[in-house]
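Worksheet: one structure, shown below.
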Amino acid sequence: MDWSKNQIKEFQQDLLSWYDDNKKPLPWRKTTEPYKIWISEIMSQQTQVETVMPYYERFMKKYPTIETLAQADDAELLKLWEGLGYYSRARNLKIAAQEVVDKYNGKFPDNLADILSLKGIGPYTAAAIASISFGLAEPAIDGNLMRVTSRLFELDCDISKSSSRKIFDGYLRKLISKKRPGDFNQALMDLGSLVCSPKSPKCEACPLLNYCAAAASGKQLNYPVKTKKIKQKDLYFTAFALENSLGEYYLEKRPSKGLLADMWTFPLTELPAADFEKMITDGSVSKNIVIPELPESISKMEYIANFTHIFSHQKWNLAIIKLKPEETFEVADELLSEDKMWVHFDSKVLTENGQPKVSRSQIPLAGPQVKMFEILDKKNKKIDLLK
DNA sequence: AATGCGGGGTG
DNA sequence: CACCCAGCATT
């Protein structure tokens, strides 16, 4: 960051005067009492201020001091927290209150390290209390500050990674007002929620417009950089291993559209999670399994093994079911077509007229299928050794 | 570094 | 419905 001292000074003034005119009228902004700031900050974690306000008022009425909180009835405290979520916050509050009473003689610690040591207080909350209640120049880095800062300087670091925190800390430590650090932090929080919002930032109304690199280049929406935290959807399949008398496996070609288009796969059928869990637990083959249309009649099914495969957006849980045909049988060519075939493990096997048979190394296999072949390989080798 | 933990709002 | 949000403790 190459801003001059004068520039930083003007930046602080522009931000703070905006805050003085536009700050949200929150009940805990009428005080700097550490106890009240602490409670408000804990309640505000991952929670909208509008949701927090009634809880805050009730909390302060019931537990007006840190001593009353330290002696709170667990059930009553939890009851008061009911509906706010993240209930360990309430449990930790009481533990921390007891710590303050026992270790600090009931006086809330006034330095960052001691504040940070309290149960339930992490880097963000510690800095918020330190700056608001004790005037310490500690940047309280939350999602808002990271968003605003990443736009100001077009920072490309991924805010979802914990290692990015120190980068934001570096910038904000240079920018923070030493005279009004608490207001500085809260100003950036309000700015982040009122003006510098994630989807539709109101740059024309922003007091920091002239300082903002992203606004200058029109790339506001490119920031902050955040890797999508995709919750993969769990899907459950049975994968059928049907082997013929030549040691080949029956594969099908997937549809030409969608996931793993045109790749080859063992026949798959989806099944409910509960059935899957039961099968891999006790080896019982679910009665609900839908057996795919196969070229031979099946006499028995046997659970072999299970494995998983992660896609970007899906997690496949597969259970291998070995299908055991009646005695021996030959390849029924007339039942095969362009999207169904028998595939051998290797390419050295020849057909009757001397042509190499189709091997698994010649066709595009979906990721899970490669894993499945490996598992089947191992099983077969194990069986060979036993012979 | 990754995961679990609630609930409400938004587009 | 998918994504977002004033985080922290635990592993």
Side-chain angles (χ1 to χ4, degrees), chain A residues 19 23-29 36-56 59 77-96 99 112 115-133 138-151 157-169 172 181-202 220-221 223-234 310 312-315:
Chain A
Y19 179 67
K23 66 177 171 186
K24 295 181 184 176
L26 304 174
W28 49 89
R29 283 186 172 165
K36 293 182 176 171
I37 299 301
W38 172 43
I39 302 302
S40 74
E41 288 299 338
I42 297 294
M43 284 185 169
S44 298
Q45 288 167 8
Q46 305 289 288
T47 311
Q48 310 279 346
V49 286
E50 287 71 19
T51 310
V52 167
M53 279 200 266
Y55 284 89
Y56 175 83
F59 194 100
L77 177 57
L78 203 55
K79 184 67 183 172
L80 194 156
W81 207 268
E82 189 178 271
L84 253 193
Y86 286 131
Y87 298 97
S88 64
R89 290 186 295 180
R91 286 187 286 273
N92 289 339
L93 271 181
K94 182 181 172 183
I95 294 170
E99 285 182 63
L112 189 71
I115 297 171
L116 191 53
S117 74
L118 295 172
K119 192 83 169 171
I121 295 184
Y124 163 75
T125 307
I129 298 171
S131 63
I132 297 170
S133 295
E138 295 291 336
I141 304 169
D142 68 350
N144 281 319
L145 268 71
M146 287 194 281
R147 184 171 59 257
V148 173
T149 309
S150 70
R151 285 174 174 167
C157 57
D158 183 349
I159 67 164
S160 58
K161 292 192 168 183
S162 48
S163 56
S164 297
R165 165 171 289 275
K166 62 177 183 293
I167 297 175
F168 290 100
D169 188 273
L172 288 164
D183 286 345
F184 179 91
N185 281 330
Q186 294 179 90
L188 284 178
M189 290 177 203
D190 278 11
L191 188 77
S193 72
L194 295 172
V195 177
C196 196
S197 50
K199 301 272 175 139
S200 52
K202 300 160 189 63
Q220 299 92 320
L221 296 184
Y223 298 93
V225 175
K226 177 159 34 170
T227 55
K228 274 189 192 170
K229 211 163 44 166
I230 300 169
K231 222 186 218 165
Q232 285 137 349
K233 191 180 178 188
D234 268 292
I310 308 269
S312 57
H313 55 306
Q314 292 179 3
K315 180 180 178 185

**Item:** Spacing of A:T47 atom OG1 and A:R89 atom CZ [to the nearest 0.5 Å]
**Value:** 4.0 Å

**Complete:** d(A:W81 CH2, A:L93 CG) to nearest 0.5 Å is 5.0 Å

Sugar-phosphate only, base, or nothing, as touched by [X] at under 4.0 Å among non-hydrogen atoms:
X      : result
A:R147 : sugar-phosphate
A:L26  : base
A:S163 : sugar-phosphate

**Asked** Would you say A:K79 has more than 12 foreign heavy atoms packed within less than 6.0 Å of its NZ?
**Response** no

**Request:** Give a yes or no on whether A:K161 atom NZ has more than 12 heavy-atom contacts from other residues, nucleotides or ligands under 6.0 Å away.
**Result:** no

How long is the line joining [atom1] of [X] and [atom2] of [N], in whole Å?
X      : N     : atom1 : atom2 : value
A:N185 : C:dA6 : CG    : C1'   : 11 Å
A:L78  : B:dG6 : CG    : P     : 10 Å
A:W28  : C:dA6 : CH2   : C1'   : 9 Å
A:I132 : C:dA6 : CD1   : P     : 14 Å
A:D142 : C:dC8 : CG    : C1'   : 14 Å
A:K24  : C:dA6 : NZ    : C1'   : 9 Å
A:M43  : B:dG6 : CE    : P     : 16 Å
A:Y19  : C:dA6 : OH    : C1'   : 12 Å

**Message:** Walk me through whether A:I115 and A:I121 qualify under side-chain contact (heavy atoms from CB on, under 4.5 Å).
**Reply:** CA-CA 7 Å; A:I115 297 171; A:I121 295 184; 4.1 Å; yes

What are the atom names and distances for every N/O pair under 3.5 Å that joins the protein to nucleotides 7-11 of chain B?
{"unit_1": "B:dG7", "atom_1": "OP1", "unit_2": "A:Y87", "atom_2": "OH", "d": "2.9"}

What's the closest nucleotide to the side chain of [X] if the choices are [options]?
X     : options             : value
A:R89 : C:dG7, C:dA6, B:dG6 : B:dG6
A:V49 : C:dA6, C:dC4, B:dC5 : C:dA6
A:Y86 : C:dA6, C:dC8, B:dC5 : B:dC5

**Message:** What I want to check is whether the side chains of A:Y124 and A:Q45 have a donor and an acceptor closer together than 3.5 Å.
**Reply:** no

**Message:** Between C:dT11 and B:dG6, how far apart are the two P atoms, rounded to whole Å?
**Reply:** 16 Å

**Asked** Expressed as a whole number of Å, how far does the P atom of C:dA6 sit from that of B:dG11?
**Response** 14 Å

**Asked** Taking only residues two or more places apart in sequence, or in another chain, which ones meet A:R147 in a side-chain hydrogen bond (donor to acceptor under 3.5 Å, both in side chains)?
**Response** A:N144

**Item:** Heavy-atom closest pair, residues A:N185 and A:A127
**Value:** ND2-O, 4.3 Å

**Complete:** A:A90 and A:L77 have their tightest heavy-atom pair at O-CD2, 3.4 Å

Please enumerate all protein N or O atoms sitting under 3.5 Å from an N or O of nucleotides 9-11 of chain C, with distances to 0.1 Å.
{"unit_1": "C:dA9", "atom_1": "OP1", "unit_2": "A:G120", "atom_2": "N", "d": "2.6"}
{"unit_1": "C:dA9", "atom_1": "OP1", "unit_2": "A:I121", "atom_2": "N", "d": "3.4"}
{"unit_1": "C:dT10", "atom_1": "OP1", "unit_2": "A:K119", "atom_2": "NZ", "d": "3.2"}

**Request:** Among A:I159, A:I167, A:L172, find the residue that satisfies the side chain to side chain contact (heavy atoms under 4.5 Å, CB included) test when tested with A:T149.
**Result:** A:L172

**Request:** For C:dG7, take OP1 and OP2 only and decide whether either is under 4.0 Å from a side-chain N or O of A:R165.
**Result:** no

